[in-house]
Colleague: 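Handing you a structure now.
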Amino acid sequence: MSYLGVYDRTIFYNPTSKYCVISVKTSDQSIPQKARSAYHHRDHLIRFVAVGYELPRTDQVSMILDGEWQSSKHGYQLQVVSCEEIVPQTKDGIKGYLSSRLIKGIGDKTADLIVARFGADALKILENEPERLLEIKGITPSKLQDIQNSYVESRSLRDIMMLLSPFQVTPATAMKIYNHFGAKSVEILQNNPYELCQISGFGFKRVDAIVLKGDCPPNSPMRIHGAIYAALETQKNEHGHLFLESEKLIKAAAQLLNEKIPLPQMRVRVEEICSVLDRMILQGEVVSSNGNIYLIKCFVQEDETALKIAQLLSFVPDHLDIAPVLEQIRSKLGIALSQKQTEAVYMAFRSNLSIITGSPGTGKTTVLRAIIEVFRQLNPKGKILLAAPTGRASRRMAESTGQQQACTLHSMLGLLSEDEYMPKDKSEETLDAAMIIVDESSMIDMWLARQFFRRVHPSTKVLLVGDADQLQSVGAGDVFREMISCGKIPVTRLDEIFRQKKGSLIAQNAQSINADQSNLRYGDEFQFVKCKTQEEAADLICQIFCEQVAKHGIDRVQILSPFRLEGLTAVDQLNRTIRELVNPSQNDLPDLKVGSRYFRVGDKVMQTKNGASASNGDIGFIREIQHDDTGELKVTIAFAEDRIAKYNLEQMAHIELAYATTIHKAMGSEYDTVILPIMKSHAIMLKRNLIYTAITRAKEKVIMVGQKGMLIMAIHKNDAGRRKTMLGERIKKYLNALALKQKQEKMAS
């Protein structure tokens with residue numbers, strides 16, 4: 001139903017999500033009794049509460065609110081689906097609207113000048129000819145841009161939320177759509193909602209189910225277009241592929257299109273899909289490379305990265321005699337380098353791009369320390385940057401090398417995620433460094449690789465360090481392995497275990513697992529506890545966790561599970577169970593509910609998204625939950641003694657319990673003790689590189705709980721299939737092209 005009313009007051013407003021709760025006053029007697037405010041006012045108008053996004057918060061306009069009444073713990077409220085502003089078409093009415101602060105950049109004085117100049121046509125000018133506002137004294141081009149952006153964003157975001165109400169999207173998702181499509185968002189949603197399939201989080205099936213309720217035919221080119229995009233996005237997000245062969249893409253699109261079509265005669269034919277795909281290729285909406293179909297963004301990421309890598313490899317650095325310096329540093333640091341470690345040091349100075357790979361315990365850190373010291377001796381004024389994909393990995397890098405300036409790749413590049421950027425003025429400039437060393441490089445996906453290499457100057461030395469046998473990157477692509485396997489980049493493989501001299505069963509068993517050998521050695525630091533059922537395994541894990549925490553402290557013990565949701569030994573269930581054991585509820589400290597999750601003071605938690613306060617994967621403890629001076633709820637989280645961050649409710653959406661976490665999420669991290677469930681119910685996930693990655697997160701102790709036969713099965717099971725990417729081939733192609741160009745230039749001169 002629709003109701004005419006006027007803004008009364010703001011009860012709540014979130015400037016980030018634009019979500020607001022307002023009190024509305026009206027004379028409409030159809031307002032339900034239980035929705036009416038119990039307080040009486042001198043104007044004798046009815047007050048009720050309306051909830052929505054970017055609702056007008058000024059009494060200078062009337063509004064028609066359309067929505068549904070819903071009961072909540074805060075009372076009976078109108079959940080607004082659509083809102084239409086009614087601005088009085090008089091000079092005073094328009095002046096009141098413009099000066100209401102609904103539009104940023106227009107205050108009382110500017111509103112007076114606009115109305116004086118354009119009269120009752122002021123809003124039409126703002127809507128259709130905004131450039132004419134430059135006629136007003138004090139409105140500069142930059143200020144006009146702010147006014148336009150505010151006006152368009154305010155109206156567009158509200159219109160988007162209204163159009164997307166059948167999709168049940170969050171305000172953050174609506175903002176994501178607006179950021180992707182801009183001012184065309186509403187037009188696109190009205191004319192072709194399948195365009196949403198370009199955006200992560202909008203699956204084809206979700207959009208398709210709603211669109212098909214209308215009059216859209218199953219073989220509509222618009223629908224086929226959306227299915228092709230969706231098939232490519234699904235393969236990228238779920239399987240890490242950068243492209244699909246055209247035949248496989250057509251097959252995947254057909255499956256999406258016909259899955260819910262019961263009648264054979266109504267199903268979409270392959271010929272119809274081929275026709276739309278051909279048109280998309282011709283119009284440049286997707287890229288076809290030798291029959292491989294890429295999303296444009298994926299092709300650009302792969303192609304540009306390959307070119308930048310080739311340029312680095314083509315740059316011939318000055319010859320440096322590092323032998324005497326290296327000998328001095330060996331004596332200074334008291335380190336003995338093996339032949340391969342020595343080769344790795346020389347390699348880092350012979351080429352502007354090189355790779356060191358090896359499992360834990362093979363001396364990668366020792367080599368890094370030597371390289372850094374040699375570089376500082378030879379180039380004392382040269383700037384060196386150390387980085388890693390995660391905050392924990394970068395801090396570990398700083399500690400192990402003795403360099404305090406290591407940071408995350410994201411912060412070094414001014415990035416938050418694939419869809420967000422930090423507000424840095426120089427985020428596009430070439431990185432100011434003579435040498436850059438990146439640890440845990442196997443975690444780098446194609447998107448991050450492009451962001452990194454496009455910022456590296458060809459004369460900068462780049463050293464990538466990592467373990468090629470770990471799990472592949474979470475994001476699409478297989479950058480580290482492709483660079484190693486292309487055969488054009490100098491690579492040193494460290495395979496001698498130095499920790500073995502200290503009796504490290506973890507390092508020895510990791511090497512055995514990589515060699516497809518299941519005759520592992522067991523002892524105090526590498527244990528396997530047998531059990532038969534999930535219930536028994538969960539009980540044992542909880543018992544072992546509490547015992548290890550009592551001995552070593554909760555910050556040094558971590559459970560890593562292959563699964564997040566399914567079963568008693570999955571991450572979510574273990575987190576809930578263990579929290580009740582180590583941090584039970586206290587009457588004077590109520591739980592904080594955020595969505596479907598609950599938090600308490602003392603909880604061990606993890607940041608799940610890069611942000612200004614913490615990086616993805618950072619682990620900390622909740623120290624305080626209370627309202628600040630403005631009445632806003634704040635959660636204080638200590639990630640370290642010198643890293644304390646405060647979170648509001650919206651930011652807590654990126655925090656989760658961390659007594660247990662997934663093996664994928666633990667990549668780039670190290671823990672003193674790792675507890676690992678290996679159950680038959682995990683069989684689909686259990687592969688060699690998963691087990692290898694899990695046990696190599698432990699520095700001192702690994703305790704596996706489960707069925708021993710499943711461990712042997714996992715060790716002998718082939719790792720995940722090769723991801724579809726042509727990075728290595730493109731690197732070789734560009735190297736050949738650059739070599740030919742250099743040869744032609746030499747002949748011409």
Side-chain angles (χ1 to χ4, degrees), residues 9-23 37 49-53 55 57 71-75 77 170-172 175 391-392 395 411 416 420 422-423 546 549 553-558 571-572 574-661 665:
R9 64 186 178 88
T10 299
I11 299 171
F12 174 80
Y13 177 67
N14 186 315
T16 303
S17 67
K18 316 298 183 184
Y19 176 79
C20 56
V21 181
I22 63 172
S23 170
S37 169
V49 174
V51 177
Y53 299 91
L55 299 178
R57 288 171 293 112
S71 182
S72 74
K73 64 180 181 180
H74 300 295
Q77 302 172 333
T170 64
M175 184 61 77
R392 290 175 69 86
R395 285 188 291 278
S411 61
L416 287 174
E420 299 175 273
M422 288 182 180
C546 291
V549 165
I554 197 168
D555 57 326
R556 301 178 66 184
V557 183
Q558 188 64 49
V571 168
D572 286 359
L574 284 172
N575 270 325
R576 287 192 291 268
T577 304
I578 287 174
R579 196 257 299 274
E580 296 306 319
L581 296 173
V582 299
N583 189 30
S585 179
Q586 302 177 44
N587 293 332
D588 57 333
L589 294 172
D591 290 359
L592 170 66
K593 187 175 187 295
V594 180
S596 60
R597 289 172 289 177
Y598 291 86
F599 297 99
R600 295 172 187 161
V601 171
D603 272 341
K604 183 180 182 180
V605 294
M606 176 186 285
Q607 174 90 10
T608 61
K609 186 177 181 180
N610 286 317
S613 303
S615 301
N616 187 1
D618 280 355
I619 289 179
F621 293 85
I622 295 178
R623 297 302 184 210
E624 194 173 58
I625 301 175
Q626 65 175 19
H627 292 86
D628 62 14
D629 295 338
T630 65
E632 185 177 6
L633 191 69
K634 293 287 186 180
V635 180
T636 303
I637 301 177
F639 292 99
E641 288 186 8
D642 59 342
R643 289 199 310 127
I644 311 295
K646 289 187 179 292
Y647 287 71
N648 58 31
L649 277 177
E650 186 176 8
Q651 292 167 329
M652 285 297 291
H654 305 305
I655 296 291
E656 63 183 31
L657 293 177
Y659 304 100
T661 189
K665 203 69 178 175

Colleague: Are any non-hydrogen side-chain atoms of L657 and I578 less than 4.5 angstrom apart?
Modeller: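 Not in contact.
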
Colleague: Look at D555 together with K604 and state whether they make a salt bridge at an N to O cut-off of under 4.0 Å.
Modeller: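 Salt bridge between D555 and K604, a charged N being under 4.0 Å from a carboxylate O: no.
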
Colleague: Do you know the tightest heavy-atom contact between I644 and A638?
Modeller: CD1-CB, 3.4 Å

Colleague: Got V49 and I22 here, is their nearest side-chain heavy-atom distance under 4.5 Å?
Modeller: no

Colleague: How far apart are the closest heavy atoms of L55 and C20, and which atoms are they?
Modeller: N-SG, 3.4 Å

Colleague: In Å and rounded to the nearest 0.5 Å, what is the CZ to OG1 distance from R623 to T636?
Modeller: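 R623 atom CZ to T636 atom OG1 measures 10.5 Å (nearest 0.5 Å).
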
Colleague: How close do D618 and R395 get, counting heavy atoms only, and between which atoms?
Modeller: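 Shortest heavy-atom contact: OD1-NH2, 2.6 Å.
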
Colleague: Going from CG on D572 to CD on E656, what distance comes out if it is rounded to the nearest 0.5 angstrom?
Modeller: 7.5 Å

Colleague: Does any part of the side chain of K646, heavy atoms only, come nearer than 4.5 Å to the side chain of E624, both counted from C-beta?
Modeller: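 The answer is yes, as the side chains (C-beta and beyond) meet within the 4.5 Å cut-off.
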
Colleague: Identify the two heavy atoms, one from V557 and one from V549, that lie closest to each other, and give their separation to 0.1 Å.
Modeller: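 Smallest interatomic distance, heavy atoms only, reads CG2-N, 4.0 Å.
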
Colleague: Do M652 and I637 have side-chain heavy atoms sitting under 4.5 Å apart?
Modeller: yes

Colleague: What distance do Y647 atom OH and I622 atom CD1 have between them, rounded to the nearest 0.5 Å?
Modeller: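 If I round to the nearest 0.5 Å, the distance is 10.0 Å.
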
Colleague: Determine yes or no for a side-chain-to-main-chain donor-acceptor pair under 3.5 angstrom, with Q607 supplying the side chain and F639 the backbone.
Modeller: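 Checking the backbone N and O of F639 against the side chain of Q607, no donor-acceptor pair under 3.5 Å is found.
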
Colleague: With sequence neighbours left out, write down each residue that passes side-chain contact (heavy atoms from CB on, under 4.5 Å) with N583, or none if nothing qualifies.
Modeller: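 Scan of N583 (side-chain contact (heavy atoms from CB on, under 4.5 Å), adjacent residues dropped) gives R579, R600, D603, Y659.
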
Colleague: Checking side-chain contact (heavy atoms from CB on, under 4.5 Å) for the pair V635/L649: CA distance, chi angles, key distance, verdict?
Modeller: CA-CA 8 Å; V635 180; L649 277 177; 6.0 Å; no

Colleague: Between CG of D591 and CD of Q586, what distance do you get to the nearest 0.5 Å?
Modeller: 10.0 Å

Colleague: Would you compute the distance between atom CZ of R392 and atom CE of M606 and round it to the nearest 0.5 angstrom?
Modeller: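 Here the rounded value is 7.0 Å.
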
Colleague: Checking Q651 side chain against N648 main chain: does a donor-acceptor pair fall under 3.5 Å?
Modeller: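 Here the side-chain-to-backbone pair exists.
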
Colleague: Return the minimal non-hydrogen interatomic distance between V582 and P584, and the atom names on each side.
Modeller: C-CD, 3.6 Å

Colleague: Is F621 atom CZ crowded by more than 12 heavy atoms from other residues, nucleotides or ligands, each under 6.0 Å away?
Modeller: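 Yes.
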
Colleague: Could you tell me which non-hydrogen atom of I655 sits nearest to which non-hydrogen atom of T608, and how far apart they are?
Modeller: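 Minimum heavy-atom separation between I655 and T608: N-OG1, 4.3 Å.
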
